[in-house]
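Written out below as structure tokens is the structure these notes cover.
When reading the values below, keep in mind they use all heavy atoms of this one structure, side chains included, and skip hydrogens, waters and symmetry mates.
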Amino acid sequence: MPSTLLIRGGTVVNADRAERADVLCREGRIVAVGLDLGVQAGAEVLDAEGLYVMPGGIDPHTHMQLPFMGTVTMDDFYSGTAAGLAGGTTTIIDFVIPDPQEPLMDAYRKWRGWAEKSASDYSFHVAVTWWDDSVHRDMATLVREEGVNSFKHFMAYKNAIMCDDETLVRSFRRALELGAMPTVHAENGELVFLLQQEMKALGVTGPEGHPLSRPPAVEAEAAQRAIAIADVLGVPIYIVHVSCAEAADAIARARARGQRVFGEVLAGHLTVDDSAYRNPDFATAAGHVMSPPFREKSHQEALWRGLQAGHLHTTATDHCTFCAAQKAAGKDDFTRIPNGCGGVEERMMVIWDAGVNSGRLTPSEFVAIASANAAKLFNIYPRKGCITAGADADLVLWDPTATRTLSVKTQKSLGDFNVFEGRTVTGVPTATISQGKVVYLHGDLRAERGAGRYVQRPAFSTHFDAMARWSKLHAPVAVTR
Ligand SMILES: C[C@@H](CNC(N)=O)C(=O)O
Ligand SMILES: [Zn+2]
Ligand SMILES: [Zn+2]
Ligand SMILES: [Zn+2]
């Protein structure tokens with residue numbers, strides 16, 4: 001019996017419009033969107049009266065099961081994706097992060113094995129953490145055979161996974177050749193390293209040293225450098241976790257000049273400030289240690305305006321959870337606190353609450369930044385990020401009047417900390433549908449281990465080819481008299 005699901009009586013919200021409509025799903029796909037679609041024999045029916053029906057959330061930045069700073073994150077690909085489903089997120093884009101000198105294809109196969117247990121669909125950005133001819137070759141294999149269309153570069157984390165400028169230049173140029181999007185973690189790792197040493201020389205060893213060693217200028221410099229390199233090479237660039245006004249301004253200026261620069265903002269950076277780093281309780285302060293750090297409040301306004309103005313495009317979480325015992329590795333030296341916080345379950349709720357309820361965003365603009373824009377930028381739209389016939393049946397039913405208080409006590413993540421602790425939000429998911437199946441309903445999570453699929457993301461064709469031609473056309477040439 002084909003699995004048929006009818007979502008009836010809701011308001012369907014896509015990034016471009018909202019309309020009252022039913023949604024009919026069959027065999028994991030959306031087959032019809034329209035009024036009064038009628039109930040077919042054997043169909044499961046979800047009553048969406050008074051609810052919004054939105055495309056399932058896409059979180060383009062997570063780290064499940066990440067080995068990092070001497071330990072491994074608490075959430076693996078099952079628990080992390082299950083937590084995402086409980087919050088309305090039905091697709092994550094995670095990261096394959098090879099050790100320097102580790103063949104990219106070896107790391108990719110390792111991560112693919114880890115992700116088999118995922119409860120929701122998933123895809124991977126692949127990090128370029130070193131360079132030689134094998135990296136040049138493996139990037140082509142990943143694009144042409146594995147459906148990878150984005151390559152990550154860490155400009156921070158010196159003596160670990162940090163890229164120097166030569167690697168950035170070679171990899172960005174290779175990405176353009178292949179029709180892939182280069183992305184960056186924009187912090188100047190040399191400056192961070194120096195400031196960390198200076199903090200410790202001054203006797204600052206606690207978590208308060210973390211933001212002091214990563215001021216906004218350190219992020220702005222790297223963002224501007226990545227933007228400049230991409231501009232000269234003629235390749236688009238996507239900057240992950242933009243956390244400060246200065247980096248957001250750098251993106252806005254580049255876009256005003258017509259450069260293809262895209263920005264991502266974390267739910268945490270939009271709603272959590274830096275006061276926690278001065279909390280005398282180590283676990284609370286260390287629980288907020290992630291990079292770039294949470295900033296003082298004025299930066300949040302700049303990020304919201306960037307989303308409203310359209311020079312910041314996606315929202316994510318950088319879900320990378322370490323428990324108190326793991327964070328305690330840095331008890332006497334803040335540089336050893338594993339960097340990372342959670343959020344994959346809370347992202348859509350905190351952004352709806354702070355963004356839509358405040359009047360900053362319409363429901364359609366919310367869908368754009370929570371789902372559709374990530375699908376477009378990473379070339380899986382409208383399969384993902386849109387409620388339309390033929391798309392995957394990944395949806396979330398959203399009750400704009402219901403409230404929930406976010407807490408570690410109720411979170412699905414295996415982490416033992418929640419940066420949104422105690423925050424009461426209005427606007428919550430009441431049902432999440434993944435591949436046409438109801439996997440979350442009124443608090444009952446039915447995430448199935450291994451049900452998630454690897455999502456191939458095709459290389460870009462048009463504008464990258466055009467841009468490659470353009471950059472050759474406009475390359476400086478000797479003037480012949
Ligand atoms: C390593 C990873 C997660 N940790 C973090 N953001 O602090 C990242 O830098 O994105
Ligand atoms: Zn990062
Ligand atoms: Zn990250
Ligand atoms: Zn532990």
Point to revise | Worked verdict on Lys412 versus Glu346 for salt bridge (charged side-chain N to carboxylate O under 4.0 Å, His left out) | key: CA-CA 10 Å; Lys412 306 296 186 200; Glu346 295 83 7; over 6 Å; no
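- Proximity of Leu270 to Trp304: side-chain heavy atoms (C-beta onward) are separated by under 4.5 Å at one or more points.
- Between Lys437 and Glu44, no side-chain nitrogen of the basic residue sits less than 4.0 Å from a carboxylate oxygen of the acidic one, so the salt-bridge criterion is not met.
- Aromatic rings from Phe68 and Tyr157 are positioned such that their centres are separated by under 6.0 Å.
- Under a cutoff of 6.0 Å and an axis angle of 45°, Lys327 and Phe322 do not form a cation-pi pair.
- At a cut-off of 3.5 Å, with distance as the only test, a side-chain donor of Glu219 or Ser243 sits close to an acceptor on the other residue.
- Looking at every heavy atom in both residues, Thr71 comes nearest to Pro338 through CG2-CG, 4.1 Å.
- In the displayed structure, Arg295 atom CZ is contacted under 6.0 Å by more than 12 heavy atoms of other residues, nucleotides or ligands.
- For the atom pair Leu46 CG and Leu441 CG, the distance stands at 6.5 Å (nearest 0.5 Å).
- Listed for the His61 side chain is no donor-acceptor partner under 3.5 Å among the backbone atoms of His319.
- The nearest pair of heavy atoms linking Val367 to Asn14 is CG1-C, 3.9 Å.
- The shortest distance between side-chain heavy atoms of Leu142 and Leu104 falls below 4.5 Å.
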Exercise for review: Determine, step by step, whether Thr62 and Asp94 satisfy the side chain to side chain donor-acceptor pair (under 3.5 Å) criterion, reporting the C-alpha distance in whole Å, the side-chain angles of both residues, the deciding distance to 0.1 Å, and the verdict.
Suggested key: CA-CA 5 Å; Thr62 61; Asp94 207 282; 2.8 Å; yes
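- In this structure, OG1 on Thr81 lies 9.5 Å from CZ on Arg449, to the nearest 0.5 angstrom.
- To the nearest 0.5 Å, atoms NE2 (His269) and CG (Leu303) are separated by 8.0 Å.
- For the pair Lys158 and Glu187, the salt-bridge criterion is not met [side-chain N within less than 4.0 Å of a carboxylate O].
- Between the side chain of Trp111 and the backbone N or O of Phe124 there is no donor-acceptor pair closer than 3.5 Å.
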Practice item. Check the pair Glu102 / Lys110 against salt bridge (charged side-chain N to carboxylate O under 4.0 Å, His left out), numbers first and verdict last. Key: CA-CA 11 Å; Glu102 180 182 14; Lys110 183 169 60 177; 3.0 Å; yes
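- In this structure, Phe294 and His288 have perpendicular ring planes: the angle between them is above 60°, well past the 30° mark.
- Aromatic ring centroids of His63 and Phe95 lie under 6.0 Å apart.
- Of the possible donor and acceptor atoms, none in the side chain of Asp75 sits under 3.5 Å from a partner among the backbone N and O of Gln65.
- Listed for the Thr129 side chain is a donor-acceptor partner under 3.5 Å among the backbone atoms of Pro98.
- Note on residues 296-319: pairs passing salt bridge (Lys or Arg N to Asp or Glu O under 4.0 Å), not counting sequence neighbours, are Asp273-Lys297, Glu301-Arg305, Glu301-Arg360.
- Heavy-atom minimum distance, His153 versus Pro182: CE1-CB, 4.0 Å.
- Here Met54 contributes atom CE and Thr11 contributes atom OG1; the two are 11.0 Å apart, rounded to the nearest 0.5 Å.
- With His313 as the partner, the ring-ring contact (aromatic ring centres under 6.0 Å, His included) test is satisfied by one option alone out of Phe378, Tyr238, Phe262: Phe262.
- Contacts of Asp392 classified as salt bridge (Lys or Arg N to Asp or Glu O under 4.0 Å), with partners at least two apart in sequence or in another chain: Arg29, Arg383, Lys384, Arg453.
- In this structure, the side chain of Glu208 does not engage the main chain of Leu212 through any donor-acceptor pair within 3.5 Å.
- Using a 4.5 Å cut-off on side-chain heavy atoms (C-beta onward), Asp121 and Thr90 make no contact.
- A heavy-atom distance below 4.5 Å is found between the side chains of Ile161 and Ile97.
- Applying the side-chain contact (heavy atoms from CB on, under 4.5 Å) test to Ala451 and every residue at least two apart in sequence or in another chain returns Glu448.
- A donor-acceptor contact under 3.5 angstrom links the side chains of Arg457 and Ser150, judged on distance only.
- A donor-acceptor pair is defined here as one N or O able to donate and one able to accept, closer than 3.5 Å; no such pair exists between the side chain of Glu198 and the backbone of Leu194.
- Counted by atom type alone, Asn339 and Ser291 present one or more donor-acceptor pairs between their side chains at under 3.5 Å.
- Looking at Trp114, its side chain never comes within 3.5 Å of a backbone N or O of Phe77 through a donor-acceptor pair.
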**Study point:** side chain to side chain contact (heavy atoms under 4.5 Å, CB included) between Ile251 and Ile239, worked out
**Key:** CA-CA 9 Å; Ile251 295 172; Ile239 301 182; 4.0 Å; yes
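- Every residue two or more places apart in sequence or in another chain was checked for a salt bridge (Lys or Arg N to Asp or Glu O under 4.0 Å) with Arg404, and none qualifies.
- Taking every heavy atom of both residues into account, Pro211 and Pro207 meet most closely at CD-O, 3.3 Å.
- A 6.0 Å sphere centred on OH of Tyr381 holds more than 12 heavy atoms belonging to other residues, nucleotides or ligands.
- Inter-residue side-chain proximity for Cys25 and Val23 is flagged as met; some heavy-atom pair is nearer than 4.5 Å.
- Shortest non-hydrogen contact noted between Pro293 and His210 is CB-CD2, 3.8 Å.
- For the atom pair OG (Ser79) and CE (Met64), the distance works out to 7.5 Å, reported to the nearest 0.5 Å.
- Using a distance-only test at 3.5 Å, with no hydrogens or angles considered, a donor-acceptor pair links the side chain of Gln326 to the main chain of Cys323.
- Sequence neighbours left out, the pairs with a member in residues 330-341 that pass salt bridge (Lys or Arg N to Asp or Glu O under 4.0 Å) are Lys200-Asp333.
- Between Ile433 and Ile7, some side-chain heavy-atom pair lies under the 4.5 Å cut-off.
- For the pair Trp398/Leu51, no side-chain contact is recorded, criterion being any heavy-atom separation below 4.5 Å from C-beta on.
- In this structure, His299 has no side chain to side chain donor-acceptor pair (under 3.5 Å) partners at least two apart in sequence or on a different chain.
- Inspection of the Thr315 and Arg347 side chains reveals an N or O donor paired with an N or O acceptor under 3.5 Å.
- No side-chain donor-acceptor contact under 3.5 Å links His442 and Thr430.
- Once rounded to the nearest 0.5 Å, the distance linking CZ of Arg255 with NE2 of His311 reads 8.5 Å.
- Counting all heavy atoms, side chain and backbone alike, Leu85 lies closest to Tyr440 at O-CB, 4.0 Å.
- In terms of modelled atom types and a separation under 3.5 Å, the side chain of Arg423 and the main chain of Thr271 share a donor-acceptor contact.
- Counting only N and O atoms by type, the side chains of Thr403 and Thr424 include no donor and acceptor under 3.5 Å apart.
- Between Leu195 and Pro215, some side-chain heavy-atom pair lies under the 4.5 Å cut-off.
- Using modelled atom types, one finds a donor on one side chain and an acceptor on the other under 3.5 Å when comparing Asp399 with Thr401.
- With hydrogens and angles ignored, the 3.5 Å screen pairs a side-chain donor or acceptor of Ser123 with a backbone N or O of Val455.
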